[in-house]
Amino acid sequence: MKKNINKVLLLGSGALKIGQAGEFDYSGAQALKALKEEGVHSVLINPNIATVQTSENVADTVYFQPVTPEFVERIIEKERPDGILLSFGGQTALNCGVELYRRGVLEKYGVEVLGTPVQAIIDTEDRDLFVRRLDEIGVKTIKSEACSTVGEVQRAAYELGFPVILRAAYALGGLGSGFCDNEKELLAQAEEAFSFSPQVLVEKSLKGWKEIEYEVVRDRFGNCITVCNMENFDPLGIHTGESIVVAPSQTLSNSEYHKLREVAIKIIRHIGIVGECNVQYALDPNSEDYRVIEVNARLSRSSALASKATGYPLAFVAAKLGLGYGLFDLKNSVTKTTSAFFEPALDYVVVKIPRWDLTKFHGVKRELGSSMKSVGEVMAIGRTFEEALQKGLRMIGQGMHGFVENHEIKIRDIQKSLHEPTDMRIFVVSKALTIGYSVEQIHRLTMIDRWFLQKLKHIVDIDRQLKENALLSEVSELMEPSEFREYLQSPEIFSLLRAAKVYGFSDFQIARAIGLEHRMKMEQAGLTIRQWRKELGIVPTVNQIDTLAAEYPAQTNYLYLSYL
């Protein structure tokens with residue numbers, strides 16, 4: 001650890017809002033935990049009392065003040081910290097830190113910026129500088145031009161050719177960004193973008209390309225690892241916070257995966273980031289051509305997802321690296337014995353699904369785009385993509401039971417709803433597959449990768465088999481175990497019920513598919529299917545449960561109960 005670092009100021013997550021919510025509370029709390037472990041006095045600035053990081057005994061000193069340069073300077077003057085952490089409070093904290101640097105406040109009070117240098121942050125946030133820095137190492141970026149007036153935006157759009165996308169620099173959650181197909185849309189979007197930032201980037205649109213992310217960690221000695229890579233279910237054009245995200249990526253070839261990994265490490269070393277960063281790519285689905293969309297030189301929404309998906313505590317490690325440690329100095333926080341200098345390997349699939357509350361507002365546009373509207377998200381884990389997706393859809397709190405067997409959704413124009421994405425898009429895809437749309441038809445309308453659509457069709461196919469199975473229909477009419485037991489011995493029923501469970505069907509989904517819901521109460525229908533499964537032995541194997549119980553002894557009783 002660096003010497004003479006006894007007190008550290010951490011800029012916290014600030015007010016909760018769209019694009020900046022609990023993930024930065026998670027990041028800040030992890031960083032404070034790392035400081036406490038090192039015996040460093042922590043000073044936290046966060047106006048939001050409803051957070052974990054402002055709880056008693058998490059930080060040594062807490063100021064419930066706005067994260068703005070004026071308030072932070074007064075606290076620095078009073079507390080006189082040795083160092084400051086800027087990367088754990090989202091875009092608000094990052095912008096505040098950059099402004100303090102430019103005003104000379106940090107230099108005036110001798111406060112050292114721990115982790116990524118401020119100039120590296122500026123290089124990633126200023127769109128014009130960002131493109132130039134990546135040009136120096138031959139890394140491809142989207143053809144673009146940084147503008148500071150509406151006139152410059154118009155000129156750049158005509159030079160690049162429509163459609164274009166406008167992005168506001170230093171903005172959170174894609175605020176002020178959007179696609180423009182003509183001059184009328186361009187002028188309206190430019191006015192909005194300049195209300196959030198003095199600089200707007202005009203980029204050539206690559207709508208329809210895949211969007212891929214890599215979470216990368218680097219120490220001050222230049223050692224790098226990629227902790228997790230993720231893939232958006234939706235193609236480029238929908239903000240990552242609005243899209244279903246899958247980790248690890250499922251549709252990349254080995255060559256594509258390693259090419260993008262190599263580029264991510266090349267970028268983080270050239271810019272000089274210390275700690276954690278997020279690299280976002282657009283990848284041509286028909287070749288290995290790519291463009292770097294942006295680099296977040298801070299913990300992000302994706303960082304929190306990657307931490308929980310892999311078990312690698314990115315924020316905790318990033319804080320330790322900011323204090324001067326190398327990756328080789330730190331222990332894996334799960335095993336406590338192996339090094340943190342490793343890349344996690346996943347034998348499961350993680351799916352993140354956004355949650356919207358658009359139905360609460362009258363007149364709101366439900367279309368999704370490059371600016372965030374989601375207010376939260378859920379994360380689900382499964383052995384297959386189908387299982388994880390169905391688990392996640394059950395958790396989003398919209399009264400859904402999975403990808404299929406939900407209440408009827410009225411859709412006036414399915415083709416339009418597929419082409420113009422809304423918060424209900426995944427259920428529109430379900431409806432389309434159910435009524436006979438082919439994977440190719442849906443792909444042409446949505447540009448969602450065929451691999452994902454084939455997996456969704458697999459769920460619909462299993463659902464159709466459950467509905468059409470004559471034996472299951474007969475069994476569903478028998479109420480007594482003694483009567484239905486012999487029917488359940490059929491290999492056909494066994495394999496079908498097992499496939500349904502493997503690919504994420506809940507007991508109630510199965511019950512509804514075979515018509516049990518019409519013969520008994522909803523809760524009883526699900527319990528009946530559970531009884532059938534136990535009769536057939538369709539439960540996770542004892543070996544699986546024993547392995548988990550050995551790894552998590554404190555959770556043994558819970559594991560056995562939940563699996564059975």
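We use all heavy atoms of the structure for the numbers below, so side chains are in, but hydrogens, waters and symmetry mates are not.
Here the rule is salt bridge (Lys or Arg N to Asp or Glu O under 4.0 Å) with D234, and of K207, R425, K210 only R425 fits it. Residue V111 forms a side chain to side chain contact (heavy atoms under 4.5 Å, CB included) with just one option from V8, I84, V105, and that option is I84.
For the pair E203 and R291, the salt-bridge criterion is not met [side-chain N within less than 4.0 Å of a carboxylate O].
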May I have the step-by-step check of side-chain contact (heavy atoms from CB on, under 4.5 Å) for L114 and E112, ending in yes or no?
CA-CA 6 Å; L114 304 177; E112 181 182 354; 4.0 Å; yes
Audit row: Y63, E79, side-chain hydrogen bond (donor to acceptor under 3.5 Å, both in side chains) steps and yes/no
CA-CA 11 Å; Y63 285 89; E79 291 288 343; 2.4 Å; yes
Would E183 and Y158 count as a side-chain hydrogen bond (donor to acceptor under 3.5 Å, both in side chains) here? Give the steps.
CA-CA 9 Å; E183 186 172 12; Y158 279 101; 2.9 Å; yes
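Residues E38 and Y325 have side chains in contact (heavy-atom distance under 4.5 Å, counting atoms from C-beta outward).
K7 places no side-chain N or O within 3.5 Å of a backbone atom of R80 that could act as its donor or acceptor partner. Although no hydrogens or angles enter the test, the distance criterion places a donor-acceptor pair under 3.5 Å between the side chain of R269 and the main chain of G222. Remark: side-chain polar atoms of D126 are paired, donor with acceptor, to backbone N or O of L129 under 3.5 angstrom.
For S195, there are no side chain to side chain donor-acceptor pair (under 3.5 Å) partners, not counting sequence neighbours. Under the rule for a side chain to side chain donor-acceptor pair (under 3.5 Å), T446 has no partner lying at least two apart in sequence or in another chain.
Within 6.0 Å of atom NZ in K140, more than 12 heavy atoms from other residues, nucleotides or ligands are found, so the atom counts as buried in its surroundings.
The cationic group of K259 does not satisfy the cation-pi geometry with Y281, failing either the under 6.0 Å distance to the six-membered ring centre or the 45° limit from the ring axis.
Across A29 and Q53, no two heavy atoms sit closer than the pair N-NE2, 3.8 Å.
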